[in-house]
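Note that these values count all heavy atoms, side chains included, but never hydrogens, waters or copies made by symmetry. Quick note on labels: first sequence line is chain A, next is B, and so on, each numbered from 1.
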2 protein chains.
Amino acid sequence: MILASRATGSEGRPHHQFRLSEGCIALSQTLADGRRQIVDIVGPGALVGIVLGDKNRMTAETLSYCHIERQHGDDVDKTYSAICEAMKRIEAHTVLLGRKTAPERVASAILDLSERFSRPQRAHFESPVFNLYLGRGDLADWLGLSLETVSRCFTRFKRAGLIDFDEPEIVTLLNTPALQAIADGAASA
Amino acid sequence: MILASRATGSEGRPHHQFRLSEGCIALSQTLADGRRQIVDIVGPGALVGIVLGDKNRMTAETLSYCHIERQHGDDVDKTYSAICEAMKRIEAHTVLLGRKTAPERVASAILDLSERFSRPQRAHFESPVFNLYLGRGDLADWLGLSLETVSRCFTRFKRAGLIDFDEPEIVTLLNTPALQAIADGAASA
DNA sequence: CGCGCGATTGATTCGAGTCAAGCAGTGTGG
DNA sequence: CCACACTGCTTGACTCGAATCAATCGCGCG
């Protein structure tokens with residue numbers, strides 16, 4: 001499914017925003033020769049359409065069943081805090097893309113997505129399990145890597161006992177602190 | 001000069017924003033081991049403090065003499081369009097960091113900065129000259145490259161007759177379309 | 001002068017990309 | 001039911017672009 005990117009009026013600020021209440025959406029841009037970069041992954045609670053901005057050539061595609069509700073633009077405080085969230089995500093991602101190594105990127109992504117898409121845990125002592133809505137190729141386009149490199153990092157983390165997965169999209173976190181250390185650039189592998 | 005990053009109220013939306021009327025400011029984040037990433041370069045007319053968001057650990061440093069004026073937060077339309085501009089900049093930069101090669105990044109940066117910091121041209125047939133407010137190291141931290149790679153790209157463009165410079169911070173554009181082609185990933189070198 | 005800082009240039013290394021199989025799961029049609 | 005194609009993931013061998021390491025240069029300054 002492709003969403004049209006018309007959430008705003010012709011020039012001024014938008015009269016309403018769209019809030020994603022359920023699901024996962026990827027916003028991406030593509031260069032002339034086909035190189036693709038996913039600019040943001042939108043999860044439940046976030047606004048679709050801010051990142052789209054006003055006149056940006058941006059493609060949005062849903063990565064799951066999605067439910068979007070209209071939020072009236074009058075709720076300025078709510079909108080403002082959602083914009084701040086989006087900014088924070090993109091800033092953090094900028095650092096990731098500019099300065100982190102491949103394993104650091106993948107660890108960061110796993111932790112980020114696990115927080116935003118974690119399934120309700122049955123018991124508090126269970127390891128958190130979550131659904132990666134992105135395939136390896138989408139992850140690559142989000143993290144500025146190649147599909148193969150992403151895959152290699154996953155198997156490396158799996159072999160190191162940091163994560164586990166049987167189906168490649170359903171991931172269990174086995175050692176969150178170690179992953180965090182890698183994501184922060186404090187650990188070697 | 002280091003600016004404190006307190007432009008907002010404790011939790012809600014800010015009561016006022018700060019608009020940069022003159023000069024150039026770099027907003028950056030740094031990883032534990034010292035790797036630095038400049039997240040945005042703020043030029044005249046743009047708001048300082050949006051990108052800072054609410055609770056972001058972000059360093060702002062001026063790269064020139066700067067003049068900042070307070071803009072009251074009530075001017076929502078103006079603020080909104082400034083936010084859109086900032087979003088556009090960061091989105092474009094995300095694509096740059098994730099998917100562009102070193103020469104493409106440098107060409108993009110030169111064109112971006114030339115637009116935002118071009119000196120008034122004496123005559124319309126003159127080649128545009130502008131002041132790079134960033135040194136090679138800052139450019140590297142902005143473009144996700146090493147200082148040396150940035151330098152090499154500059155000399156490469158100079159030898160190819162695309163740009164010229166005597167002092168390394170004052171650049172003349174000699175072939176804007178070719179630079180644009182490189183920036184867009186449509187040309188090889 | 002001698003020092004320090006920023007930029008340039010060169011030689012070498014290395015991380016991630018590319019190219020190329022191979023494998024499992026899923027669906028389709030004979 | 002099986003052969004076949006197709007899609008997404010994994011794995012391995014090799015290449016290459018950019019990082020790193022290391023001089024060197026030029027300039028401003030105490």
Taken to the nearest whole Å, CG/A:Asp166 to P/C:dA24 is 13 Å

To the nearest angstrom, the CD1-P distance between B:Ile170 and C:dA7 comes to 13 Å

A:Glu148 atom CD is separated from C:dC19 atom C1', nearest whole Å, by 9 Å

Validation: residues 174-182 of chain B side-chain donor-acceptor distances under 3.5 Å, sequence neighbours left out:
| unit_1 | atom_1 | unit_2 | atom_2 | d |
| --- | --- | --- | --- | --- |
| B:Asn175 | OD1 | B:Ala178 | N | 3.2 |
| B:Gln180 | NE2 | B:Asp184 | OD1 | 3.2 |

Walking DNA chain D from its 5' end, the first of A:Gly135 and A:Arg99 to be reached, judged by nearest nucleotide, is A:Gly135

Item to complete: Please confirm whether any donor atom in the side chain of A:Arg152 sits under 3.5 Å from an acceptor in the base of C:dT18, or the reverse.
Response: yes

side-chain hydrogen bond (donor to acceptor under 3.5 Å, both in side chains) filter on B:Thr149, not counting sequence neighbours, yields B:Ser146

Under 4.0 Å, heavy atoms only, any strand: does B:Ser146 hit a base, just the sugar-phosphate, or nothing? base

Whole-Å distance, A:Leu147 CG to C:dT18 P, equals 11 Å

Atom NZ of B:Lys158 and atom C1' of C:dT9 are separated, to the nearest Å, by 13 Å

By salt bridge (Lys or Arg N to Asp or Glu O under 4.0 Å), B:Arg19 pairs with (sequence neighbours left out) none

Those residues at least two apart in sequence (or on a different chain) that pass ring pair (Phe, Tyr, Trp, His ring centres under 6.0 Å) with A:Tyr133 are A:Phe117

Separation of C:dC5 atom C1' from B:Glu167 atom CD, nearest Å, is 16 Å

dist B:Glu69:CD -> B:Phe18:CZ (nearest 0.5 Å) comes out at 11.5 Å

Chain A vs DNA chain D, heavy-atom contacts under 4.0 Å, first-to-last nucleotide span, 5' to 3', is D:dC9 to D:dA13

From CG of B:Leu139 across to P of C:dG6 the rounded distance in Å is 14 Å

In this structure, CG of A:Leu145 is separated from CZ of B:Arg99 (nearest 0.5 Å) by 7.0 Å

Exercise for the section: Would you tell me if any nitrogen or oxygen in the side chain of A:Thr149 comes within less than 4.0 Å of OP1 or OP2 on C:dG15? Expected result: no

The side-chain contact (heavy atoms from CB on, under 4.5 Å) partners of B:Pro128 (sequence neighbours excluded) come to B:Gln121, B:Leu173

Check: What nucleic acid atoms does B:Leu145 come within less than 4.0 Å of, heavy atoms only: base, sugar-phosphate, or nothing?
Finding: sugar-phosphate

When rounded to whole Å, the CZ to C1' distance for the pair B:Phe154 and C:dG6 reads 14 Å

